[in-house]
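So the structure is just underneath, and the comments pick up after that.
We name chains A, B, ... by the order of the sequence lines, and we start the count at 1 in each one.
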Number of protein chains: 2
Amino acid sequence: MLMSDTQDALFKTLADPTRRALFERLCREGEKTVGALTARAGVSQPVVSKHLGILKQAGLVRDRHEGRQTHYSAQLGALAPLVDWTSEMAGFWQSRFNDLEDLLKRMDQ
Amino acid sequence: MLMSDTQDALFKTLADPTRRALFERLCREGEKTVGALTARAGVSQPVVSKHLGILKQAGLVRDRHEGRQTHYSAQLGALAPLVDWTSEMAGFWQSRFNDLEDLLKRMDQ
DNA sequence: ATTCATCATAGCTCATTGGCTATATAAAAA
DNA sequence: TTTTTATATAGCCAATGAGCTATGATGAAT
């Protein structure tokens, strides 16, 4: 799997507000059951389950089964590719500004 | 405009691979015309223009008109809310971990 | 054994959106 | 002035996806 696919999955996964809110709650409040998450999600339980499945597939959460309930928790390390990507973009930006040749090239065109 | 709206716009804007590729090229290679971008985008010129419009609306690029061509360039500062968000999530994570650490320390005594 | 509680899956619908072609706009060239 | 070039806009279509309800699967409780 290419890194760009990982980035794509991350951006796509976090692009949905409901899904991002679920992930944020897990980051803020720690492990939660599907029921607890549903209670304040503003959408139905199947929708919550679906979103959690997508978050899991992106590596952003993990699940732990305990009896008949499933506990979800945030996997913060999964955000690393996103941080890397932004750093990379910032790096390109800076190197272009520090590179006199490119600067002159742009003034020349 | 709320910050969460900004984050939403950023994530949504960068979720599309074609759009993200355009932004990446502008970060890597600096200012480009629509024509230059279209030449390697793999999609038609109107599609490129549309994506650039969306990137502009999200504050990720700016445009400069020169004669009959439009030059686009990346506005890296627009990524700040994204960096802030990831930092915030990491912060919640860390503080919860520290709370747990403190709790365990107290239980240990 | 039966019922209840919890979560996941299936199937549907509607809105969004990314792609296209055709065309409008506007500047430069002929 | 007419034509060509560069970009933007309009309008269409097909695919995606986020929501719903209904139901399946499974563990706990009665």
A:H51 side chain near A:V47 side chain, heavy-atom distance below 4.5 Å: yes

Atom-pair distance (CD on A:E66; P on C:dA5), nearest Å: 19 Å

OP1 or OP2 of C:dG19 under 4.0 Å from side-chain N/O of B:T18: yes

Euclidean distance, atom CZ of residue A:R64 to atom P of C:dC7 [Å, nearest integer]: 12 Å

Crowding at CD, A:E29 (>12 non-hydrogen neighbours, <6.0 Å): yes

B:I54-A:L14 co-clustered via ILVMFWY side chain contacts under 4.5 Å: no

Per-nucleotide protein contact string for nucleotides 7-17 of chain D, where B marks a base within reach and S marks sugar-phosphate only (heavy atoms under 4.0 Å, - for neither): BBB--------

Heavy atoms of other groups near A:K56 NZ, more than 12 under 6.0 Å: no

Test side chain to side chain contact (heavy atoms under 4.5 Å, CB included) applied to A:Q75 and A:L60, step by step: CA-CA 5 Å; A:Q75 291 287 99; A:L60 286 164; 5.8 Å; no

Non-hydrogen side-chain atoms of A:R19 and A:F23 separated by less than 4.5 Å: no

Between C:dA8 (C1') and A:I54 (CD1): distance, integer Å: 13 Å

